[in-house]
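Here is the structure we will look at.
Computed from a predicted model, the values in this text were never measured in an experiment. For this chain, numbers begin at 1 and follow the sequence in order.
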Amino acid sequence: MEVVVPPAQFAEAAAAVFGDRLALAGRYAELLATEGVIRGLIGPRETPRLWERHLINCGVMSQIIPSGASVVDVGSGAGLPGIVLAVARPDLVITLVEPLARRTAFLDEVVDLLDLDNVTVIRGRAEEVVGRVEADIVTARAVAALDKLAGWCLPLAAVGGRLLALKGASAAEEVAEHEAALSALGGGEVTVRFCGEGLIDPPATVVDVVKERQVVAARGSGNRDARGSRGGESRGDGRRKARRR
């Protein structure tokens, strides 16, 4: 497998994010640029900017994730940010939750090819794994409005855990708009964080929601809009055992 190196202008940032696992990140970039495009998981116009728009932008989130944390990535798609975090941070134990079979098939292959033994792939919607999956950190990228996103993600976080949602420039306005909904869903302190300052411009905008209390989810509150499809799991029970390095 070829290794895609970051463009010169992003080489320093990529090295800062991935360290001695930079070559592994390059192998993932190659998979995204080939099979990811062929399978419709990454648009062909995205390939020239895989590093700055996807790998580095997702990888800088690792700055605000504590050592040894468990992470659930909701609507993982092509593995953004879940696979990126697994490459950058082998100390993390990561579960990728994705409802579409063609995406989980790709994720399983990536996990095998990159030998990411800290990753588990589950096919299903977020609400289908509540009670079976719980983590210190729940991540999501460009999935839905913050209120819907919190409704899908906060039930998967342990009390005291956090939702880290990659958002755009209007994150602060979105937080203000959905403040009451976040509280009703068990959310406590909400902070808009800027990850990668000094490395990338603009930095990645992350909405950080602390889960303050457990709330019983309303029936029928699915995540069909979050890269949705019919539920179910892959590979029999849909799990790949996650082992710490």
Using the side-chain contact (heavy atoms from CB on, under 4.5 Å) rule, take Val129 and Leu156 through it: C-alpha gap first, then chi angles, then the decisive distance, then the call.
-> CA-CA 8 Å; Val129 299; Leu156 300 177; 3.8 Å; yes

Does any N or O in the side chain of Asn118 come within less than 3.5 Å of the main-chain N or O of Leu92, such that one atom is a donor and the other an acceptor?
-> yes

Report yes if the side chains of Leu107 and Val119 come closer than 4.5 Å at any heavy-atom pair, otherwise no.
-> no

Are Asp147 and Leu182 close enough, and set up right, to give a side-chain contact (heavy atoms from CB on, under 4.5 Å), and what steps lead you there?
-> CA-CA 6 Å; Asp147 57 340; Leu182 293 175; 5.8 Å; no

Residues Glu30 and Arg27 bridged, charged N to O under 4.0 Å = no

Check whether Leu113 and Val4 end up in the same hydrophobic cluster, where Ile, Leu, Val, Met, Phe, Trp and Tyr are linked by side-chain heavy atoms less than 4.5 Å apart.
-> yes

Does Val72 belong to the same Ile/Leu/Val/Met/Phe/Trp/Tyr cluster as Val130, with side-chain heavy atoms less than 4.5 Å apart forming each link?
-> yes

Residue pairs fulfilling side chain to side chain donor-acceptor pair (under 3.5 Å) with at least one residue in residues 35-47, sequence neighbours excluded | Glu35-Arg39, Arg39-Glu109, Glu46-Arg49, Glu46-Arg53, Glu46-His54

Please check if the side chain of Arg123 supplies one atom and the backbone of Pro99 the other of a donor-acceptor pair under 3.5 Å.
-> yes

About how many Å separate CZ of Arg141 and SG of Cys58, when rounded to the nearest 0.5 Å?
-> 4.0 Å

Here the side chain to side chain donor-acceptor pair (under 3.5 Å) pairs for residues 196-216, sequence neighbours left out, are Arg162-Asp208, Arg193-Asp208, Lys211-Gln214

Just by distance, do the side chain of Asp136 and the backbone of Ser70 share a donor-acceptor pair under 3.5 Å?
-> yes

Is there a chain of hydrophobic side chains (I, L, V, M, F, W, Y, each step under 4.5 Å between heavy atoms) that links Leu24 to Phe106?
-> yes

Write down the atom of Ala150, the atom of Leu185, and the distance for their closest heavy-atom approach.
-> CB-CD1, 3.7 Å

Start with the C-alpha gap between Val207 and Val175, add the side-chain angles, then the distance that decides, and say whether side-chain contact (heavy atoms from CB on, under 4.5 Å) holds.
-> CA-CA 8 Å; Val207 176; Val175 168; 3.8 Å; yes

Ile42 vs Leu80 side-chain heavy atoms within contact, under 4.5 Å = yes

Establish whether Leu22 and Leu85 are linked, either directly or via other cluster members, by ILVMFWY side-chain heavy-atom contacts under 4.5 Å.
-> yes

Between Ala204 and Leu166 the two heavy atoms that sit nearest each other are CB-CD2, 3.9 Å

Note: Trp51 and Pro7 closest approach over all heavy atoms is CD1-CD, 3.7 Å

Between Cys195 and Ile200, which heavy-atom pair has the shortest distance, and what is it?
-> O-CD1, 4.1 Å

Side-chain contact test, heavy atoms from C-beta onward, threshold under 4.5 Å: evaluate it for Thr191 versus Glu189 and give yes or no.
-> yes

Could you note down all residue pairs passing salt bridge (charged side-chain N to carboxylate O under 4.0 Å, His left out) where residues 171-182 supplies at least one of them, sequence neighbours left out?
-> Lys167-Glu174

Arg89 side chain to Gly59 backbone, donor-acceptor under 3.5 Å | no

Are any non-hydrogen side-chain atoms of Val74 and Val138 less than 4.5 angstrom apart?
-> yes

Could you give me the CA-CA distance, side-chain angles and deciding distance for Val87 and Leu116, then say whether side-chain contact (heavy atoms from CB on, under 4.5 Å) is met?
-> CA-CA 7 Å; Val87 171; Leu116 297 175; 4.2 Å; yes

Measure the spacing between CD1 of Ile137 and CE of Met61 and express it to the nearest 0.5 Å.
-> 8.5 Å

Of all the heavy-atom pairs spanning Ala165 and Leu149, show the shortest one and how long it is.
-> CB-CD2, 3.5 Å

Under the 3.5 angstrom rule, does the side chain of Glu98 hit a backbone N or O of Val121 as a donor-acceptor pair?
-> no

Val159 reachable from Val209 in the ILVMFWY side-chain graph, under 4.5 Å edges = no

Quickly, which of Leu55, Ile83, Leu41 forms a side-chain contact (heavy atoms from CB on, under 4.5 Å) with Leu32? Name it, please.
-> Leu55

Smallest separation among heavy atoms of Gly82 and Ile94, with atom names | O-CD1, 3.6 Å

Do Glu127 and Pro155 come within less than 4.5 Å of each other through their side chains, counting heavy atoms only?
-> no

Can you check whether Asp73 reaches Pro81 side chain to side chain, under 4.5 Å on heavy atoms?
-> yes

